[in-house]
Amino acid sequence: TYKSAWFMHHRIREAMREGGLDLPPLGGTGKIVEADETYFGNVEPINRRTKTTEGRPFIKKGRAANKRAIVSLVERGGKVRSFHVPRADKVTVAKIVADNIAHESRLHTDESRLYTGADILFAAHETVTHSHKEYVRGDVHTNSAEGYFSIFKRGMRGVYQHCSEKHLHRYLAEFDFRYNRRSALGYTDEMRTVEAVQGVIGKRLMYQKPN
């Protein structure tokens, strides 16, 4: 049945999900990690903001207004690590960046204020100013992160078409898994399959929670 196929697909995505304290930080000495955020899909009606944190009516418009926030860290020429967050604010993004990137790395971002102060945590924090149509300056850019977002959004719209917010982290896990095991990193179909199957160890996803 469709229900069985849908549930099996989510169990496979859960097997693909990486997490925990044993994950090594991205980057390292001489390496570049790009950090960026994007927005995909509308927040569920029950979670939509009607007031600001100060209590004023929420009138924000544009791509970030009541959208699902995603933060991704991409090691240049390497792996990606993505997070669905309730809100892409400075505290949330700063913690993700600090906890998941080796401090010996060079951090590349756009001019967003979310990354202000990152220069004291890393070997360097270099930015490009997208608002001034600056996208590359020497080797400074966020094109790897933008490219990953493009792959993710094309796949979601073209293949899956709909995704509820509570399952978004599993779709991100699937796209992260595929990106991190792409042919350019030396992976074959067999190697990808073996690692996906090994990912079931220690995990259990139930269709309904037991009473």
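The model shown is predicted, which means the values in this text are computed figures rather than measured ones. Side chains are part of it too, since the values below use all heavy atoms of this structure and drop only hydrogens, waters and symmetry mates.
Residues passing the side chain to side chain donor-acceptor pair (under 3.5 Å) test with Arg81, sequence neighbours excluded: Asn100. With sequence neighbours excluded, the residues forming a ring pair (Phe, Tyr, Trp, His ring centres under 6.0 Å) with Tyr148 are Tyr179, listed by chain and number.
Closest approach of Thr127 and His125 over heavy atoms only: CG2-NE2, 3.5 Å. When all heavy atoms are compared, the tightest approach of Ala15 to Val200 is CB-CG1, 3.7 Å. The shortest non-hydrogen separation linking Ala145 to Val74 is CA-CG2, 3.7 Å.
Taken together through direct or relayed side-chain contacts under 4.5 Å among Ile, Leu, Val, Met, Phe, Trp and Tyr, Leu121 and Val33 form part of one hydrophobic cluster. Residues Val93 and Ile120 share a single hydrophobic cluster, defined by chaining ILVMFWY side chains whose heavy atoms lie under 4.5 Å apart. Hydrophobic clustering (side-chain heavy atoms under 4.5 Å, transitive across Ile, Leu, Val, Met, Phe, Trp, Tyr) keeps Ile32 apart from Val140. Put simply, Tyr2 and Met8 are part of two different groups of oily side chains (I, L, V, M, F, W, Y) that touch within less than 4.5 Å, one to the next. Under a hydrophobic clustering in which Ile, Leu, Val, Met, Phe, Trp and Tyr are joined whenever their side-chain heavy atoms come within less than 4.5 Å, directly or via other members, Met16 and Phe83 fall into different clusters.
Using a cutoff of 4.0 Å between basic side-chain nitrogens and carboxylate oxygens, Arg137 and Glu134 are scored as salt-bridged. Ionic pairing of Glu34 and Lys79 is not present here: no N-O contact between side-chain nitrogen and carboxylate oxygen is shorter than 4.0 angstrom.
Between the Asn180 side chain and the Val80 main chain, a donor and an acceptor come within less than 3.5 Å of each other. A distance-only check finds a donor-acceptor pair linking the side chain of Glu111 to the backbone of Ser131 [under 3.5 Å]. Thr92 places no side-chain N or O within 3.5 Å of a backbone atom of Ala88 that could act as its donor or acceptor partner.
Using a 3.5 Å distance cut-off with no hydrogens or angles, the side chains of Thr38 and Lys153 do pair a donor with an acceptor. Arg154 and Ser150 form a side-chain donor-acceptor contact under 3.5 Å, judged by distance and modelled atom types alone.
Applying side-chain hydrogen bond (donor to acceptor under 3.5 Å, both in side chains) to Glu14 and the options Lys203, Arg170, His169 leaves one that passes, Arg170. Results of the side-chain hydrogen bond (donor to acceptor under 3.5 Å, both in side chains) test with Asp139 over Arg76, Arg106, His108 single out Arg106 as the only residue that passes. Checked against Phe152 for a ring pair (Phe, Tyr, Trp, His ring centres under 6.0 Å), the options Tyr171, Phe177, Phe175 give a single hit: Phe175.
Other residues, nucleotides and ligands contribute at most 12 non-hydrogen atoms within 6.0 Å of the NZ atom of Lys95. Within a 6.0 Å radius of CZ in Arg17, other residues, nucleotides and ligands contribute more than 12 heavy atoms.
The shortest side-chain heavy-atom distance between Ile101 and Glu75 does not fall under the 4.5 Å cut-off. Residues Thr188 and Arg192 are not in side-chain contact: their nearest non-hydrogen atoms beyond the backbone lie 4.5 Å or more apart. Using a 4.5 Å heavy-atom threshold, the side chains of Phe40 and Met156 count as touching. In this structure, Ser105 and Leu107 have side chains that are not in contact, with every pair of non-hydrogen atoms separated by 4.5 Å or more.
Annotation: Tyr135 is in aromatic contact with His130 [ring centroid separation under 6.0 Å].
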Test log, rule side-chain contact (heavy atoms from CB on, under 4.5 Å), inputs Glu37 and Ile70: CA-CA 6 Å; Glu37 69 285 344; Ile70 297 168; over 6 Å; no

Residue pair Asp110, Thr129: steps toward the side-chain contact (heavy atoms from CB on, under 4.5 Å) verdict: CA-CA 6 Å; Asp110 58 20; Thr129 311; over 6 Å; no

Check against side chain to side chain donor-acceptor pair (under 3.5 Å), Ser82 and Asp176: CA-CA 7 Å; Ser82 300; Asp176 279 9; 2.9 Å; yes

From CA spacing to verdict: side-chain contact (heavy atoms from CB on, under 4.5 Å), Tyr115, Val97: CA-CA 9 Å; Tyr115 306 101; Val97 168; 4.1 Å; yes

Residues Ile96, Leu73; criterion side-chain contact (heavy atoms from CB on, under 4.5 Å); working and verdict: CA-CA 9 Å; Ile96 288 173; Leu73 312 175; 4.0 Å; yes

Worked check of salt bridge (charged side-chain N to carboxylate O under 4.0 Å, His left out) between Glu18 and Arg181: CA-CA 13 Å; Glu18 296 179 294; Arg181 290 157 184 83; 3.1 Å; yes

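The cationic group of Arg13 lies under 6.0 Å from the six-membered ring centre of Tyr160 and within 45° of the ring axis, placing it in a cation-pi geometry.
Under a 4.5 Å side-chain heavy-atom cut-off, the cluster of Ile, Leu, Val, Met, Phe, Trp and Tyr residues that includes Met191 is completed by Leu185, Tyr187.
Note that CZ of Arg68 and NE2 of His84 are 7.0 Å apart. Values are rounded to the nearest 0.5 Å.
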